[in-house]
Amino acid sequence: MVRESAMRRVAVVSACVVAAACGRPTPTTTPTPAPVAAGRPIHTVVPVPSSIQVTPTDSFQIDSTVAVVVPAGGGYAVEGIATYLTNLLGGPAAPPPRTLAAGEAMPPRSIQLALDPSKSTLGLEGYELTVTRDGVTLTAAQPNGLFYGVQTIRQLLPWSVEHRAAMNRRLLLPAARVTDTPRFAWRGAMLDVSRHFIDAEAVKRYIDLMAVYKLNRLHLHLSDDQGWRIEIASRPNLTAQGGSTQVNGGPGGFYTKAQFADIVAYATSRFITIVPEIDMPSHTNAALASYAELNCDNVARPLYTGTKVGFSVLCVEKDSVYTFINDVVKDIAAQVPTPYFHIGGDEVEKLTHDQYIRFIERVQDIVTANGKQMIGWGEISPAKLAPNTIVQHWRRDSASIHVARGGKVIMSPSSKTYLDMKYDSTTTLGLRWAGLIEVKDAYDWNPATLLPEVPETALLGVEGPLWSETLVKLEDYEFMAFPRLAALAEIAWSPQGARDWETFRMRLAFQGPRLSALGVNFYRSAQVPWVTR
Ligand code: ACM
């Protein structure tokens with residue numbers, strides 16, 4: 001009965017998610033969250049929406065009579081989202097979404113997706129969701145917002161929704177009103193496919209998991225000392241030679257143009273922008289092994305399968321090196337119809353400061369001439385950067401110089417966001433040079449206050465890099481990424497004031513069976529009271 005009355009009181013706001021802990025302010029002490037056994041959180045949505053009211057005593061039942069409807073003229077993107085939702089709810093055999101004729105009223109017991117560009121406060125990615133016992137309405141100003149609203153519907157449903165082939169699942173969507181917009185435009189993940197190669201299907205799987213948590217940028221670290229992973233038409237040796245191995249040897253691999261196009265299209269269908277990185281002038285041994293002329297002594301380097309950094313460098317005084325860079329940037333720019341090109345620029349030990357700065361400025365000109373916006377790791381800041389060049393902070397670096405000139409920063413502090421760091425001293429995979437990062441460490445920080453000279457207004461967003469020196473197969477990647485990537489997603493999406501560790505870990509507890517249903521090999525941190533099925 002106590003639980004009943006607590007539930008009925010819930011005019012729930014985002015920070016109040018555990019039924020037994022709601023509506024009881026205790027001004028002098030930190031409230032202790034109720035154990036899961038005492039009550040299910042009122043909702044378990046990650047990232048927590050900016051505003052959500054749930055009435056768990058009322059619900060909309062999804063069964064085979066429910067239609068997903070889209071307005072006439074909704075467009076290709078909206079129809080794609082509707083199909084994604086019907087597949088989620090009913091599997092590939094589900095009836096296709098229905099298109100309403102112009103002026104036709106919404107049929108009863110339907111899930112309606114509507115675009116309303118006049119709702120400008122929702123921006124590109126916001127949405128409004130209303131669930132009553134009679135129907136569901138999801139509205140957004142742009143298709144991106146509809147897609148994120150669909151992810152919220154997904155997470156309001158029981159985790160059995162993730163079992164596509166299940167026959168007897170009962171899908172009850174609790175009555176809810178949600179208005180939700182993201183804190184940051186850049187909500188990123190990075191995969192290092194150079195140290196170890198994973199194929200296009202594995203990347204698409206990662207994209208699908210990113211989508212569940214409303215992440216929208218996938219940065220692919222496509223070249224490093226150990227491997228070159230993307231086909232460049234004018235430089236076939238980059239993949240034939242440079243792509244032929246990986247850390248500790250083995251076959252390596254690379255994405256053909258067709259495979260890369262497939263990754264880009266798949267990401268686009270999940271509203272995820274691919275950000276290609278070709279790391280330079282260091283981290284370039286795979287290129288130096290493929291083309292002798294990139295070396296000052298014109299001698300091709302042997303392939304490298306170790307994990308040291310800082311030893312390789314392009315011959316930055318040769319004009320032909322810039323011709324090479326232009327060929328690569330031009331080719332990749334044509335393959336990725338998105339605004340960004342990441343040039344790395346990190347951990348350069350073999351150049352003078354002046355050589356390095358001149359190199360970065362020359363490469364910036366090349367990237368700009370190819371119509372792309374340059375991104376580089378924090379080290380590039382002291383160069384004369386264009387205001388729209390983006391700096392990605394990763395350690396005690398010079399991002400603040402770029403902020404002082406009005407530039408934008410992506411926050412990837414290695415001690416918080418590097419998903420390849422071990423969780424604790426017993427973690428078998430991963431490294432520990434930036435520290436041990438338990439789930440709470442990954443969650444409980446504010447990107448706007450981490451660096452005093454980098455305020456919220458300078459932030460484009462946050463990104464979680466996953467370096468792969470120790471990761472061989474997709475299960476390894478998943479184990480290091482989950483659940484920390486979900487924590488990062490909440491930092492990136494939810495208002496700072498709407499999130500706190502105690503309610504997050506309770507919601508995360510219920511993500512466990514969802515991740516299991518999705519087949520994700522995730523880390524069962526002892527900090528989270530995981531719910532088992
Ligand atoms: C980096 O971790 N070297 C950007």
Side-chain angles (χ1 to χ4, degrees), residues 182 184-198 200 202-211 213-224 227-230 254-255 260 263-268 270-280 283 328-329 332-333 335-347 363 367 372-380 388-395 397 399 408-414 416-421 434 442 447 459-469 471 477 480-481 484-485 488-489 491-493:
F184 292 119
W186 191 286
R187 304 183 303 281
M190 190 211 83
L191 285 176
D192 170 8
V193 294
S194 179
R195 268 49 176 270
H196 283 98
F197 179 70
I198 53 170
V203 174
K204 285 158 69 175
R205 155 100 173 153
Y206 205 72
I207 285 170
D208 272 334
L209 296 175
M210 288 172 64
Y213 296 105
K214 302 186 175 80
L215 293 164
N216 68 354
R217 300 282 187 272
L218 177 59
H219 167 183
L220 291 175
H221 183 78
L222 291 164
S223 70
D224 211 300
W228 186 285
R229 307 301 182 201
I230 184 167
F254 64 92
Y255 309 118
F260 202 72
I263 291 173
V264 171
Y266 198 81
T268 304
R270 270 85 178 136
F271 295 87
I272 290 173
T273 299
I274 296 291
V275 181
E277 177 187 352
I278 297 296
D279 204 347
M280 56 183 116
H283 291 279
V328 169
V329 173
I332 295 177
Q335 293 189 54
V336 190
T338 52
Y340 312 109
F341 192 94
H342 199 308
I343 61 131
D346 57 321
E347 297 183 300
V363 172
V367 172
K372 298 289 165 172
Q373 194 173 348
M374 189 171 94
I375 309 177
W377 296 105
E379 286 96 319
I380 70 168
N388 78 338
T389 287
I390 299 163
V391 166
Q392 184 165 12
H393 164 80
W394 67 284
R395 65 173 175 189
D397 54 36
K408 295 282 191 220
V409 172
I410 299 164
M411 289 292 274
S412 296
S414 48
K416 309 281 185 201
T417 67
Y418 270 31
L419 302 172
D420 59 311
M421 291 299 118
L459 294 181
L460 213 49
V462 295
E463 183 176 301
L466 183 48
W467 302 98
S468 66
E469 285 93 337
L471 312 179
Y477 286 71
M480 299 310 279
R484 290 183 293 197
L485 194 57
L488 183 116
I491 293 171
W493 179 282

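One is the number of the first residue; the rest follow in order along the sequence.
- Side-chain atoms of Trp377 and Glu277 form a donor-acceptor pair, as typed in the model, at a separation below 3.5 Å.
- The minimum heavy-atom distance linking Ala189 with Leu485 is given by the pair CB-CD1, 4.1 Å.
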Stepwise side-chain contact (heavy atoms from CB on, under 4.5 Å) test for Trp186 and Leu459 | CA-CA 9 Å; Trp186 191 286; Leu459 294 181; over 6 Å; no
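- With rounding to the nearest 0.5 Å, the separation of CE in Met210 from CZ in Arg205 is 14.0 Å.
- Contact record, Ile207 with Ala267: CD1-CB, 3.8 Å, taken as the closest heavy-atom pair.
- Between the CD atom of Glu347 and the CG atom of Asp224 there is a distance of 8.5 Å, given to the nearest 0.5 Å.
- Looking at Ser468, its side chain does come within 3.5 Å of a backbone N or O of Asp192 through a donor-acceptor pair.
- Between Ala442 and Ile491 the shortest heavy-atom distance is O-CD1, 3.2 Å.
- Looking only at distances, no side-chain donor or acceptor of Lys416 sits under 3.5 Å from a matching main-chain atom of Gly464.
- Rounded to the nearest 0.5 angstrom, Tyr206 OH and Ile198 CD1 are separated by 8.5 Å.
- The closest side-chain heavy-atom distance from Phe260 to Ile274 is below 4.5 Å.
- Under the 3.5 Å distance criterion, the side-chain polar atoms of Arg270 are left unmatched by any main-chain donor or acceptor of Asp208.
- For the atom pair Ile272 CD1 and Lys214 NZ, the distance stands at 12.5 Å (nearest 0.5 Å).
- Within the 4.5 Å cutoff, side-chain heavy atoms of His393 are placed close to those of Pro413.
- Atom CG of residue Leu209 and atom OH of residue Tyr477 lie 14.5 Å apart, to the nearest 0.5 angstrom.
- Looking at every heavy atom in both residues, Leu488 comes nearest to Leu215 through CD2-CD2, 4.4 Å.
- With Gln392 contributing its side chain and Ile375 its backbone, the two residues share no donor-acceptor pair below 3.5 Å.
- A donor-acceptor contact shorter than 3.5 Å is absent between the side chain of His219 and the backbone of Val275.
- The backbone N or O of Arg217 lies less than 3.5 Å from no partner atom in the side chain of Thr273, so there is not a single donor-acceptor pair.
- Closest approach of Asp397 and Glu379 over heavy atoms only: CB-N, 4.4 Å.
- In this structure, Asn216 contributes its side chain and Ala185 its backbone to a donor-acceptor pair below 3.5 Å.
- Remark: the backbone N or O of Ala492 is not paired with any side-chain donor or acceptor of Arg187 at under 3.5 angstrom.
- Using cut-offs of 30° and 60° on the angle between ring planes, the pair Trp394 and Tyr418 is parallel.
- Within the 4.5 Å cutoff, the side chain of Pro276 has no heavy atoms near those of the Ile278 side chain.
- Contact record, Pro465 with Thr417: CD-O, 3.5 Å, taken as the closest heavy-atom pair.
- In summary, of the residues considered (Trp228, Phe197, Trp467), a ring-ring contact (aromatic ring centres under 6.0 Å, His included) with His221 occurs for Trp467 alone.
- Atom NZ in Lys372 sits 10.5 Å away from atom CD1 in Ile332 (nearest 0.5 Å).
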